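Just so it is clear, the model here is predicted, and its values are computed rather than measured.
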Amino acid sequence: MTGAGPAEARAALAEAHRDEWGVVFGTVVRLTGDWELAEDCAQEAFARALPAWERDGVPRRPGAWLVTAARHHALDVLRRRTAERGRLAQLAAVEAVREPRPPGDERLRLVFTCCHPALPLESRVALTLRAVCGLTTREIARAFLVREDTVAQRILRAKRKIAAAGIPYRVPPPGARAERLDGVLAVVYLVFTEGYAPSDGSTVRDALAEEAIRLARLLVAEAPDEPEARGLLALLLCQHARRAARVDADGGLVTLERQDRTRWDGELIAEGVALARTAVAAGGPYALQAAIAARHAVAPVAAATDWAAIVALYDRLLALRANPVVALNRAVAVGMRDGPQAQLDAVAALGEPAELAGAHALPAVRADALRRLGRAGEAGAAYRAAAALAPNEAIAGEYARRIAELGEPRPEGADLAHIAHDQSELP
């Protein structure tokens with residue numbers, strides 16, 4: 001190999017961080033049982049990679065290079081600890097690093113371990129996003145709409161709980177798997193969301209979304225009779241099928257009704273719709289969201305969307321999860337079924353819920369209804385409020401486009417989206 005330029009090495013390292021962090025981290029956890037050491041060794045491996053890859057070239061298998069570097073660093077640390085403390089357990093860990101077991105699927109082991117029921121749900125999700133996906137505490141905090149130090153404390157407490165309780169690093173046996181499934185599904189969904197609508201402001205992060213789909217497929221393979229696992233996979237497939245049509249040539253967002261549906265992935269849609277049909281009868285939240293996404297996926301054009309069916313599905317979802325986010329999505333669907341005044345009334349009925357404080361979706365949904373009612377001045381003010389709250393430039397740019405077009409005739413019901421089943425699209 002010849003040396004790589006700085007730009008090439010950085011790009012390769014960034015891609016490896018997205019794709020391989022969980023494998024590197026999980027390998028050291030499996031071999032040593034020490035979560036703090038695993039994070040230190042993973043970080044050290046990535047730190048060593050950049051100068052090495054600039055000097056020697058990007059390796060053919062970057063993940064394998066990183067795993068080896070992390071293992072070697074763990075071995076060095078454990079040898080020093082053994083020399084300093086003389087602990088037989090540390091020496092045994094050294095031998096484990098020297099002769100590791102077959103790696104299996106490190107990410108799946110990590111997910112189930114992070115989602116142990118002894119951990120609070122918030123800690124399970126935060127730890128998994130950190131351990132499996134390598135997200136920073138800042139990115140996780142944005143996903144949760146909480147402070148960074150809150151996320152950091154959740155992760156730290158989760159690691160300490162795992163160590164203190166001796167929680168095993170493994171995929172649990174079938175009899176113990178059901179109690180973990182809800183937490184695992186929530187984690188996989190948030191991982192997908194971080195890839196589909198990244199908190200760092202980029203438009204998409206396909207590798208992360210595809211990793212979530214891979215994890216969802218593994219869960220379905222592990223629990224084929226669990227409708228919520230099938231529902232989650234169906235939801236992810238129906239959303240991910242639209243990835244090629246979601247951005248324009250300049251990287252701007254293309255909202256659902258403006259997308260070129262010939263660019264949607266028909267195979268993913270067919271698989272997702274079939275899974276949704278088998279799961280929806282059970283009526284779980286992921287199955288219902290999948291059924292909503294499937295209704296959009298099968299509509300050949302936006303105008304053919306079955307809004308009555310979608311409202312009915314939102315009613316069922318709202319009965320399970322009576323929260324303002326679902327209610328806001330239902331307001332959009334009601335507006336498409338019954339007209340903009342019905343949408344405006346439904347939004348007004350929500351008031352100003354704390355869960356939506358600081359979120360761009362609420363003023364945007366209000367703006368859409370006002371625009372369709374011909375109240376351009378009020379719509380512009382609401383769109384400007386939404387733009388001020390937009391989490392990234394792509395979404396802010398979409399609101400700017402709408403403001404600019406307010407004086408032009410627009411098709412009825414344009415520029416709508418549904419947060420619950422597609423958190424990246426715009427209302």
Side-chain angles (χ1 to χ4, degrees), residues 13 15-49 61-75 77-78 93-116 118-119 123-137 139-140 155-156 158-163 165-173 177 180 183-188 190-192 194-195 207-208 210-219 221-222:
L13 189 61
E15 181 178 0
H17 189 275
R18 290 192 299 268
D19 296 346
E20 305 290 351
W21 171 272
V23 175
V24 177
F25 184 98
T27 297
V28 181
V29 169
R30 173 171 56 83
L31 297 173
T32 68
D34 188 328
W35 288 67
E36 294 295 341
L37 176 62
E39 182 152 0
D40 290 344
C41 291
Q43 290 175 340
E44 179 67 19
F46 281 94
R48 291 179 180 180
R61 298 173 58 204
W65 191 101
L66 290 162
V67 166
T68 298
R71 287 179 55 236
H72 286 169
H73 186 59
L75 179 60
V77 170
L78 290 174
V94 170
E95 295 303 318
V97 174
R98 185 177 296 145
E99 296 293 340
R101 295 174 293 160
D105 194 309
E106 301 296 353
R107 293 183 183 91
L108 192 59
R109 289 192 183 101
L110 270 179
V111 169
F112 270 100
T113 304
C114 292
C115 294
H116 194 279
L119 304 174
S123 295
R124 299 177 210 171
V125 176
L127 180 61
T128 305
L129 288 173
R130 177 67 190 133
V132 181
C133 304
L135 301 187
T136 65
T137 54
E139 290 172 328
I140 299 168
I155 293 172
L156 179 60
K159 289 177 179 177
R160 288 175 176 172
K161 180 71 173 181
I162 288 171
I167 293 173
Y169 175 66
R170 65 178 184 179
V171 177
R177 202 167 295 159
R180 304 262 199 101
V184 171
L185 295 176
V187 166
V188 174
L190 285 180
V191 170
F192 178 83
E194 181 59 32
L208 196 55
E210 289 166 0
E211 176 61 20
I213 290 172
R214 189 180 75 86
L215 288 171
R217 289 190 187 281
L218 287 170
L219 292 172
E222 292 287 340

In Å and rounded to the nearest 0.5 Å, what is the NE2 to CG distance from His73 to Leu78?
-> 10.0 Å
So, does Thr113 use its side chain to make a donor-acceptor pair with the main chain of Arg170 at under 3.5 Å?
-> yes
Does the pair Val77 and Thr32 meet the rule for a side-chain contact (heavy atoms from CB on, under 4.5 Å), with working shown?
-> CA-CA 11 Å; Val77 170; Thr32 68; over 6 Å; no
Rounded distance [0.5 Å steps], CZ in Phe192 versus CD1 in Ile213 | 5.0 Å
Looking at Arg18 and Glu15, does any basic side-chain N land under 4.0 Å from a carboxylate oxygen?
-> no
Determine yes or no for a side-chain-to-main-chain donor-acceptor pair under 3.5 angstrom, with Tyr169 supplying the side chain and Glu106 the backbone.
-> yes
Quick one: OG1 on Thr136 to CG on Leu129, what's the gap to the nearest 0.5 Å?
-> 10.5 Å
Do you know which two heavy atoms are closest between Ala38 and Val28, and how far apart they sit?
-> CA-CG1, 3.5 Å
What heavy-atom pair brings Gly22 and Leu110 nearest, and what distance separates the two atoms?
-> O-CD1, 3.4 Å
Side chains of Trp21 and Arg107: does their closest heavy-atom pair fall under 4.5 Å?
-> no
What one should report as the nearest heavy-atom pair of Leu215 and Val111 is CD1-CG2, 4.1 Å
Would you find a donor on one side and an acceptor on the other, under 3.5 Å apart, between the side chain of Arg130 and the backbone of Leu135?
-> yes
Non-hydrogen atoms of Cys114 and Thr128 that approach each other most closely | CB-OG1, 2.8 Å
Given side chains that start at C-beta, do those of Leu219 and Phe112 come closer than 4.5 Å, heavy atoms only?
-> yes
Can you tell me how far NE2 of His17 sits from SG of Cys133, rounded to the nearest 0.5 angstrom?
-> 10.0 Å
Over all atoms of both residues, closest heavy-atom pair of Ala45 and Ala69 = CB-CB, 3.9 Å
Which atom of Trp35 lies closest to which atom of Ala131, heavy atoms considered = CZ3-CB, 4.2 Å
Gap separating the OG1 atom of Thr27 from the CZ atom of Arg109, nearest 0.5 angstrom = 9.0 Å
Check each of Leu119, Leu127, Leu156 against Lys161 using the side-chain contact (heavy atoms from CB on, under 4.5 Å) test, and report the only one that passes.
-> Leu119
Distance, nearest 0.5 Å, that separates CZ of Arg180 from NE2 of His116 = 4.5 Å
Between Glu44 and Arg48, is there a side-chain N and carboxylate O pair less than 4.0 Å apart?
-> yes
